[in-house]
Trainee: 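This is the structure, below, for whatever I ask next.
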Amino acid sequence: MWHDRPLKDGYDVVIIGGGAHGLACAHYLAKEHGVTDVAVLDKSYIGSGGSGRNTAIVRSNYLTPEGVRFYDESVKLYEQLAAELEFNVMFSQRGHLTLAHTDGAVRTMRRRAEVNRLQGVDSRLVFPDELAHICPQLDLSEHPRYPIMAALYHPPGGIIRHDAVVWGFANHADRRGVHIHQQTEVTGVDVRDGKVRGVETSRGYVAAETVLNATAGWGSTIAAMAGLELPIATAPLQACVTEPLKPFLDVVVVSGSLHVYVSQSSRGELVMGASVDPFGSYSMNSSLDFVEGLAGHVLELFPFLSKVRILRQWAGLCEMPPDFSPLMGFTPVEGFLLDVGWGTYGFKASPICGKTMAELIATNTTPDLIYPFRLSRFAEFDLVGEKGAASVGH
Amino acid sequence: MLVVPCPNCGPRNASEFRYAGEYRPRPHPSQDVTDDEWATYLYTRSNTLGVHTEWWFHTSGCGLWFLAERHTKTNAFVKSYLWGAT
């Protein structure tokens, strides 16, 4: 799939972080711009951070036009990805339901549906009569504490095999000459006269005039090495899977009010996640509070799951920016670029993020699609408020 | 569950509290504050991996707002105190 190669003294481009984002950027740099003198460094194995810890949901039904356009391009790239990477990424566009349990939530869903449709995205509001056909397993009665009033239905949304996405990008980047260095931790960023010159790693110094920080979760720690503070706060997000069950759920079900999302993997396990933990931390420990709270909420939606056992649980790190939109592009340090601040919505952006960041690196200009997500938007008070479309309330 | 040391009530479960983020000193409004300084105060966080100072609010307890120093990887508290004390 990919090879261990000797670490060179210098590269044209160093990408810190061997997740789906960093590897996608390396892939598109090599494929579309002929930039192959690239190293991807990861302190652990590739895909060991957020790329392997998310719940693998892909969708584009966001709230702002900027967000919808960006994620829609990502969905389109995901649709072609298996062919492009010659690797089965198991993308299943099974439809995505975001439930509304209050009048306020129904209003938000209606607004999202209208914004989505203006951008050409298939997304609409559905009510319990139609929901009974789309997902008859849901408890649509008046009995639950928070009865389901409506849902935002997004047919192109779905789930994907997230490890396969990482491996596919790694394989193609490697084939075109990109060096992937696992177990190579960046310990310092060499900045002189406001320009980046290279990085210190656990395996020695590597010179580079372009360094991309693609370490969402740990983005602040790498930025601090370059003397930058970022508008993000890291918090863990926990998820879990149940024992495998006979296939019964063929849509992704999300409830913001109940802080839960559920899908059934092709192995039959229910993959379930919640909102971020209630306090900031870099800890990736699991907690009983989480799994207890989540189970209660899932049973409100699917009461018949009460005897199903949890197989395992884990946590990943999310960097939350104040406006719930990512940080992409240039910084005050010349040559030091950002691809961080990915909150709870990073994995689903991987292909378009890699493609646009590769274009930014190759042309030294910011593509229009990601201009709204520049770091300087905070000093310009030009935020992209996406909190209303975060999968669950935070 | 994380146990938070309230300076008033002693150690209590985190579910009684609201976490209110990293402590950042606010520029004094009587001074000339530039847009950049204001944006930095509002949005930028050091997001330290290590011990940092943070706000907690004992919502379901005594109602106290206080500061605590906690390690952000181990979640171990170093101390907690009222604003203005150390």
Side-chain angles (χ1 to χ4, degrees), chain A residues 43 187 213 215-225 227-236 276-293 315 317-325 327 331-332 340-341 343 375-385 394, chain B residues 1-6 11-27 32-61 64-80:
Chain A
K43 65 177 176 180
T187 54
N213 175 6
T215 58
W218 295 265
S220 293
T221 64
I222 300 290
M225 293 173 189
L228 293 173
E229 281 196 327
L230 301 177
I232 47 180
T234 295
V276 293
D277 281 1
F279 53 92
S281 179
Y282 284 90
S283 161
M284 287 195 286
N285 291 346
S286 298
S287 73
L288 180 64
D289 318 338
F290 152 75
V291 79
E292 200 176 14
L317 296 185
C318 299
E319 309 182 326
M320 311 309 296
D323 59 355
F324 285 64
S325 288
L327 305 174
T331 68
V340 296
L375 174 63
S376 62
R377 74 178 184 270
F378 294 95
E380 295 158 14
F381 299 102
D382 185 20
L383 275 60
V384 186
H394 291 287
Chain B
M1 183 179 288
L2 183 73
V3 174
V4 180
C6 172
R12 307 289 298 175
N13 281 345
S15 55
E16 291 184 9
F17 296 81
R18 185 159 76 80
Y19 173 72
E22 177 185 320
Y23 171 71
R24 302 281 292 187
R26 185 174 68 175
D32 284 331
V33 184
T34 64
D35 278 0
D36 270 355
E37 285 165 350
W38 196 241
T40 301
Y41 164 68
L42 281 176
Y43 301 124
T44 306
R45 299 290 176 265
S46 54
N47 199 22
T48 311
L49 201 172
V51 176
H52 82 160
T53 308
E54 59 194 15
W55 281 108
W56 286 89
F57 175 32
H58 201 175
T59 35
S60 306
L64 188 71
W65 281 89
F66 61 94
L67 294 167
E69 291 174 16
R70 177 178 58 99
H71 194 290
T72 56
K73 176 81 181 173
T74 64
N75 291 337
F77 282 93
V78 179
K79 56 180 173 177
S80 64

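Chain letters run A, B, ... following the sequence lines, proteins first, then strands; residues in each count from 1. Worth saying up front: this structure is predicted, and the values here are computed from it rather than measured. All values below come from the heavy atoms of this structure, side chains included, with hydrogens, waters and symmetry mates left out.
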Trainee: Taking side chain as everything from C-beta outward and backbone as N, CA, C, O, which of these in A:Ala379 sits under 4.5 Å from a heavy atom of chain B? Side chain, backbone, both or neither.
Mentor: both

Trainee: For the candidates A:Phe381, A:Trp218, A:Phe290, which exhibits the highest count of non-hydrogen atom pairs separated by less than 4.5 Å from chain B?
Mentor: A:Phe381

Trainee: Report, in residue-number order, which members of residues 228-236 of chain A are under 4.5 Å from chain B by heavy-atom distance.
Mentor: A:Glu229, A:Leu230, A:Pro231, A:Ile232, A:Ala233, A:Thr234

Trainee: Is A:Ser281 reaching over with its side chain to a backbone N or O of B:Thr72, donor-acceptor style, under 3.5 angstrom?
Mentor: yes

Trainee: Anything under 3.5 Å between a donor and an acceptor, one on a side chain of residues 38-45 of chain B, the other on a protein residue two or more places apart or in another chain? List them.
Mentor:
{"unit_1": "B:Thr40", "atom_1": "OG1", "unit_2": "B:Asp36", "atom_2": "O", "d": "2.8"}
{"unit_1": "B:Arg45", "atom_1": "NH1", "unit_2": "B:Tyr41", "atom_2": "O", "d": "3.3"}
{"unit_1": "B:Arg45", "atom_1": "NH2", "unit_2": "B:Leu42", "atom_2": "O", "d": "3.1"}

Trainee: Applying salt bridge (Lys or Arg N to Asp or Glu O under 4.0 Å), can you list everything that pairs with A:Asp382, at least two apart in sequence or on another chain?
Mentor: A:Arg374

Trainee: Below 4.5 Å from any heavy atom of chain A, which atoms of B:Arg70 appear? Answer side chain, backbone, both or neither.
Mentor: side chain

Trainee: Which residues in residues 53-60 of chain B have a heavy atom less than 4.5 Å from any heavy atom of chain A?
Mentor: B:Trp56

Trainee: Please round to the nearest 0.5 Å and tell me the distance separating atom CG of B:Asn75 and atom CG of A:Asn285.
Mentor: 7.5 Å

Trainee: Between A:Pro322 and chain B, which part of the residue has a heavy atom less than 4.5 Å away: side chain, backbone, both or neither?
Mentor: side chain

Trainee: How close do A:Tyr282 and B:Asn47 get, heavy atom to heavy atom, and via which atoms?
Mentor: OH-O, 2.6 Å

Trainee: Specify which of B:Arg24, B:Glu22, B:His52 makes the most heavy-atom pairs with chain A at under 4.5 Å.
Mentor: B:Arg24

